[in-house]
Protein chains: 2
Amino acid sequence: MDDRAPRAATGRAKRGARVTIHDVAKASSVSVTTASQALSGQGRMALATRERVKAAAKALSFRPNAIARALLKQRSFTIGLLTNDTYGRFTLPVMAGISEALVDRGVSVFLCSVERDPVIGQSHVDAMLEKQVDGIIASGKRLDSRLPVDLSGVDVPVVYAYCEGPEGSVGFVSDDGQGARLAVAHLVDRGCRRIAHVTGPEDFAVVHRRAEGFAAALAAAGLAPVRAEPLIGDWSEAWGFAAAGALLEGPAAPPDAVFCGNDQIARGLIDALTLRGLRVPQDVAVIGFDNWEIFAAATRPPLTTVDMNLKDLGRHAGLTLLDLVEGRPVSPGIRKLPCRLVVRASSG
Amino acid sequence: MDDRAPRAATGRAKRGARVTIHDVAKASSVSVTTASQALSGQGRMALATRERVKAAAKALSFRPNAIARALLKQRSFTIGLLTNDTYGRFTLPVMAGISEALVDRGVSVFLCSVERDPVIGQSHVDAMLEKQVDGIIASGKRLDSRLPVDLSGVDVPVVYAYCEGPEGSVGFVSDDGQGARLAVAHLVDRGCRRIAHVTGPEDFAVVHRRAEGFAAALAAAGLAPVRAEPLIGDWSEAWGFAAAGALLEGPAAPPDAVFCGNDQIARGLIDALTLRGLRVPQDVAVIGFDNWEIFAAATRPPLTTVDMNLKDLGRHAGLTLLDLVEGRPVSPGIRKLPCRLVVRASSG
DNA sequence: CTGAAAGCGCTTACAG
DNA sequence: CTGAAAGCGCTTACAG
């Protein structure tokens, strides 16, 4: 026949004409209205008509264009995920949880890693907004750090996940105090009475949350801490190793249990205890924090540790953002999500 | 005045009318054609007009709707990133590299983690396709594993990154053989002559690539391996620890260097050597593979190791997908990208 | 029960 | 140098 009707000047897609709902309508001899309604289950029409349209769509392998729908409905079914952590271990499960929760509701996730530079960060946010994301999740690698972007003027809902947000925002964090209490209560249950706490640098908020939980649980059990203050160091194995010396020397009675601020410290501590001929958990029980499998499961003996349920946290954040996007009421504030204790051999 | 003209039945966005190019045109008293061209730098018009339009856009904080542009241009400036690894360490830098390379070209990345289930995986791919992604990157946690999705019928370009693809596809992997040669050549340079290889399970392709590189580099230096075969175990510290025993016992002369299949094995091996009173690197030099900072930097002494440049690999994959999307020629095949040696104290 | 038409927000060939 | 109009692919109120 003759040339096809004039098309947009941009030309056809490289891989041959794509099939649209017009093609489906034509193939099943109905209007596009009917075709659209048949496929979406809307409207009323003869069952036979609906089936005929569906069959035609299948035969043509029709794939509805979500971009066209988004333009019309003013809703992209897309959200933006901002993270400032590309190597770390915390954002990854959070991201997986978000992605899982949303993908199942037909929402796709734009991943965007914002580094230190606020100018670049802002341009990434702008790009998301131009792409009409329905909402944004800001996630970080530290509970107490902010992303280097200003989300206050943004006209879509924002949820913070494992990341500090501004006053009045909606956010989710792990309840590190509760996690610490869980750990200490478990040690007390096992009969431990002289429990020490070895942890990371004081400029981390989690160090304080965990120390508070530690102190509260001891008090609840009517015990005094084996040291007035937690032993502060860094997050490394080397520090855990060194801390063993500080704990065992001096006039005070040695501890019969140590609650560590993270798994690496616990690992170093266990190594040092073992080297000194002490048995874990018989002489000293040890609990870590993070449940970083690569450490917790490789430690001899395997490490009892607090898991922050980060994937769950991500799932909550995703679902809550969806509530906000779809206009369901959500009260502002930071929600603390409970941790769980993963019991392995190091605590008996 | 009177009510605003009838709008689409879906109603306005919740947060007040969004500003469109019509608003900008009206505010600067030009047609939408001129407004569009003024903002995009196209067309020819009085400089003053262009400036006036730009000023109006800025004053109204006009944000062009990328969805509308995508519908018109048949190009979404969006790609899909499939990964089957949500906790591991390899995909993360690959993803960061992809994301970085593309975000800088105005392309956003849909993150989608596909677990084992092929049905779910396929539905995620369908969702991406409905959202009109310009292309797809499949990335995995193992060089020799495939994603549980069939990408062969997909009508957009696909690139594989640290992941096995089908015959004739475009992919990027690390050159583990070259990485191993780098490590051994370095040891030879340092004067080592009896070099052993301790590595992971045989069903990993990388185990063979690294062992081949090891053998080739020894041969090139005119050296015989201290053992006929590499010592095969798993990827754990425990195995590295145990391997030290196997290496030092028996009639053969002990090695003066060990090239390990990963950093965890190296870590365990160093621990065992140290425990036996051997000095690293003076008595035995040790090199790892992966450059997993948390292990490599924490080892005593810090570990010399092979870095696979995964972020770079991701960047290449992203840029190549863009080439494909934009119609530039790309020859099919798997490209091996070089590793680099990160020298620390464990090799002298 | 079914169809023609408007419109989401943009870009671009074409006419003036 | 500038503007009116068509069209990307879809959904939906409205008319028949």
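Quick note on labels: first sequence line is chain A, next is B, and so on, each numbered from 1. Note that these values count all heavy atoms, side chains included, but never hydrogens, waters or copies made by symmetry.
- Straight-line distance from the CG atom of B/Leu71 to the C1' atom of C/dG7: 12 Å, rounded to whole Å.
- Contacts of B/Arg44 with the nucleic acid, taken as non-hydrogen atoms under 4.0 Å apart, include base atoms.
- For the segment residues 47-61 of chain B, the set of residues with a heavy atom within less than 4.0 Å of an atom of DNA chain D comprises B/Thr49, in numerical order.
- Taking atom CD of A/Gln37 as the reference point, atom P of D/dT11 lies 10 Å away to the nearest angstrom.
- B/Ile136 pairs in a side chain to side chain contact (heavy atoms under 4.5 Å, CB included) with only one of the listed residues (B/Leu129, B/Val149, B/Leu81, B/Ile79), which is B/Leu129.
- Remark on DNA chain D: of its neighbouring residues B/Met45 and B/Ala68, the 5'-side contact belongs to B/Met45, judged by nearest-heavy-atom nucleotide.
- Listed by first then second residue, pairs satisfying side-chain hydrogen bond (donor to acceptor under 3.5 Å, both in side chains) with a partner in residues 39-53 of chain B number zero, not counting sequence neighbours.
- Between B/His316 and B/Phe172, the two ring planes are tilted [angle within 30° to 60°].
- Side-chain contact, A/Lys131 with B/Ser108: a donor N or O sits under 3.5 Å from an acceptor N or O.
- Between A/Glu130 atom CD and C/dC8 atom C1' there is a gap of 17 Å when expressed in whole angstrom units.
- Residue pairs meeting the ring-ring contact (aromatic ring centres under 6.0 Å, His included) criterion with at least one partner in residues 56-82 of chain B, sequence neighbours excluded, do not occur; the list is empty.
- Counting only N and O atoms by type, the side chains of A/Ser36 and A/Thr33 include no donor and acceptor under 3.5 Å apart.
- In this structure, the ring pair (Phe, Tyr, Trp, His ring centres under 6.0 Å) partners of B/Tyr162, at least two apart in sequence or on a different chain, are B/Phe90.
- Rounded to a whole Å, the CD1 atom of B/Ile67 is 14 Å from the P atom of C/dT11.
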### Base-pair map of DNA chain D as dot-bracket, where | denotes pairing with a different strand and pairs are Watson-Crick or G-U under 3.5 Å
|||.||||||||.|||
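- Not one N or O on the side chain of B/Ser99 forms a donor-acceptor pair closer than 3.5 Å with the backbone of B/Ala96.
- Put simply, B/Gln74 has a side-chain N or O that comes within less than 4.0 Å of OP1 or OP2 on D/dG9.
- In terms of heavy-atom proximity, B/Thr91 sits nearest to B/Thr83 at CG2-OG1, 3.0 Å.
- Of the listed nucleotides (C/dC10, C/dT2, D/dT12), D/dT12 has the atom at the smallest distance from the side chain of A/Ser36.
- Under the 3.5 Å distance criterion, the side-chain polar atoms of A/Ser28 are left unmatched by any main-chain donor or acceptor of A/Val30.
- A salt bridge links B/Arg75 to B/Glu326: at least one charged side-chain nitrogen sits closer than 4.0 Å to a carboxylate oxygen.
- In this structure, A/Ile21 atom CD1 and D/dT12 atom C1' are separated by 12 Å, rounded to whole Å.
- For DNA chain D, the neighbouring residues in residues 27-34 of chain B, judged by any heavy atom under 4.0 Å, are B/Val30, B/Ser31, B/Thr33, B/Thr34.
- If you measure from atom CG of B/Leu72 to atom P of D/dC10, you get 15 Å, rounded to the nearest angstrom.
- The separation between A/Leu39 atom CG and D/dT11 atom P is 8 Å, rounded to whole Å.
- We find that CD of B/Gln42 is positioned 16 Å from C1' of D/dC1, with the value rounded to whole Å.
- Between A/Val170 and A/Ser331, the closest heavy-atom pair is CG2-O, 4.2 Å.
- In this structure, of C/dT2, C/dC10, D/dC10, it is D/dC10 that holds the atom nearest to the side chain of A/Thr20.
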